[in-house]
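The structure appears right after this line, and notes come after that.
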Amino acid sequence: MNTIYPIFDDIRDHRVRGRCIYPLNDLLVVALLTYMTGGEDYQDMAWFASECSEEFGLFSACGGRTPSPDTFERLMSAVEPTEIERCLLRCGRMFLDSLAEKQVVIDGKKLRGSNPKAPVTQGDYLLNACVSENHLMVGQLPLNGKENEIPAIPRLLDKLDLTEAMVSIDAIGTQVDIARKILDKGAHYFLAVKDNQGALREALVDTIRYNKPFDISSEMEAAHGKNFFHNRKSRLLILCFNCMMLAKKLKHGLNFISSLIVMPN
């Protein structure tokens, strides 16, 4: 517990002194451990506190009492989410000193229980930044109102130290301003292009058609999921093209592209 317990040491206790039985740190540690072990709600937090707190050395001065679901609900409604985020990010840096040479994946997700067909509303949709090799979350941002990911991505990037990192985003993030923001942060970008990005895709297709790749690699990739039978393996072919001519063609757009990677189906 020595590596977990101090995470929340510097969160200010907003509760009324003399009327609270359970230490703030212990409550927040239980909440964190509950989510880390697959729990989802205040009932799960209360169960974890009741069944597992003793072996973690929590609530030792509470005479064997453990908090109820209502206690956790009151606590989580009173603590500022930004304070918890700050503590968790600081803890993450203890395990990951630098993002240099790491792939940072930017991706948006609707929260469980939200209507997938409903418009994006505040708190229902989160933009996440995580390190791909160990799935460590390094940043998170709730979307405001009905905004989409495009204006939110630069705000998330501003919160991160991305020096020498590789930032990957799906096709919605293939925007000139986002690419420039990544470069301004001292990082590299890995952006996808789809058919609906007409002019850019056409320029990329011309680069592939009229140039030879400077590097070709091939590897076997295991296929998992309901769309594949018997978890078959498929061969992944990767072609790399120099984009100096493409950069000249895109004078007013992504004219800082250095290489193009093609992965044919």
Side-chain angles (χ1 to χ4, degrees), residues 1-49 52-53 56-62 66-99 104 106-114 120-131 134-145 147 151-162 185:
M1 279 303 294
N2 289 336
T3 58
I4 297 179
Y5 189 81
I7 294 176
F8 304 110
D9 269 355
D10 60 349
I11 289 187
R12 186 167 63 91
D13 196 339
H14 301 81
R15 301 174 299 171
V16 179
R17 291 186 179 182
R19 296 179 57 185
C20 300
I21 301 173
Y22 307 106
L24 178 64
N25 282 324
D26 289 21
L27 292 170
L28 290 174
V29 167
V30 167
L32 174 62
L33 292 176
T34 300
Y35 280 112
M36 289 176 65
T37 53
E40 298 179 352
D41 54 26
Y42 304 125
Q43 295 284 347
D44 293 335
M45 293 179 189
W47 180 90
F48 190 98
C52 306
S53 59
F56 284 100
L58 302 171
F59 310 117
S60 56
C62 299
T66 57
S68 67
D70 289 343
T71 299
F72 285 105
E73 184 173 6
R74 289 193 298 269
L75 170 71
M76 302 310 291
S77 63
V79 176
E80 284 291 334
T82 53
E83 292 190 39
I84 296 178
E85 179 187 26
R86 173 177 53 81
C87 292
L88 292 177
L89 288 175
R90 184 190 62 195
C91 176
R93 295 189 186 102
M94 293 165 53
F95 300 98
L96 189 67
D97 293 334
S98 171
L99 294 177
V104 178
I106 307 293
D107 191 25
K109 297 292 184 185
K110 258 191 179 294
L111 295 182
R112 182 181 299 181
S114 301
V120 174
T121 56
Q122 185 174 8
D124 288 340
Y125 203 89
L126 292 175
L127 192 61
N128 302 311
C130 68
V131 179
N134 52 21
H135 306 289
L136 180 65
M137 188 79 66
V138 293
Q140 193 174 71
L141 188 72
L143 268 62
N144 299 317
E147 73 171 339
I153 289 173
R155 299 204 306 273
L156 178 59
L157 295 173
D158 280 334
K159 300 172 65 174
L160 306 173
D161 180 4
L162 295 169
K185 298 285 291 185

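Here the structure is a predicted model, which is why all the values come from computation and not from measurement.
You'll find the side chain of Ile84 reaches within 4.5 Å of the side chain of Met76, heavy atoms only. A heavy-atom distance below 4.5 Å is not found between the side chains of Leu126 and Lys109. At a threshold of 4.5 Å between non-hydrogen side-chain atoms, the residues Phe8 and Leu24 do not count as touching. The closest side-chain heavy-atom distance from Ile106 to Asn128 is not below 4.5 Å. Using a 4.5 Å heavy-atom cutoff, the side chains of Leu127 and Asp107 are not in contact. The closest side-chain heavy-atom distance from Phe56 to Phe48 is below 4.5 Å. The closest side-chain heavy-atom distance from Arg155 to Leu143 is not below 4.5 Å. Looking only at side-chain heavy atoms (C-beta outward), Val138 and Cys130 stay at 4.5 Å or farther from each other.
A pairwise comparison of heavy atoms in Cys62 and Ile21 identifies SG-O, 3.6 Å as the closest pair. Smallest separation of non-hydrogen atoms from Pro23 and Phe59: CD-CD2, 4.2 Å. The minimum heavy-atom distance linking Gln43 with Pro69 is given by the pair OE1-CG, 3.6 Å. Nearest heavy-atom pair, Tyr22 versus Thr66, reported as atom, atom and distance to 0.1 Å: OH-O, 3.1 Å. The heavy-atom pair separating Gln140 from Leu156 by the smallest distance is N-CD1, 3.7 Å. Scanning all heavy atoms of the two residues, the minimum distance from Ala129 to Leu160 falls at CB-CD1, 3.8 Å.
Between atom CG of residue Leu157 and atom CG of residue Asp161 there is a gap of 12.0 Å, rounded to the nearest 0.5 Å. Rounding to the nearest 0.5 angstrom, the gap separating the OH atom in Tyr42 from the OG atom in Ser68 is 12.0 Å. One distance of note links CZ of Arg12 with CD of Glu80; it measures 9.5 Å at 0.5 Å rounding. In this structure, the separation between CG on Asp41 and OH on Tyr35 is 7.0 Å, given to the nearest 0.5 Å. In this structure, CD1 in Ile153 is found 10.5 Å from CG in Leu141, a value given to the nearest 0.5 Å.
Arg86 has a carboxylate O that lies under 4.0 Å from a charged side-chain N of Asp10, or vice versa, which qualifies the two as a salt bridge. Under a 4.0 Å N-O distance rule, the pair Glu85/Lys159 qualifies as a salt bridge.
Of the options Asp26, Leu27, Leu58, a side chain to side chain contact (heavy atoms under 4.5 Å, CB included) to Pro67 is made by Leu27 and by none of the others.
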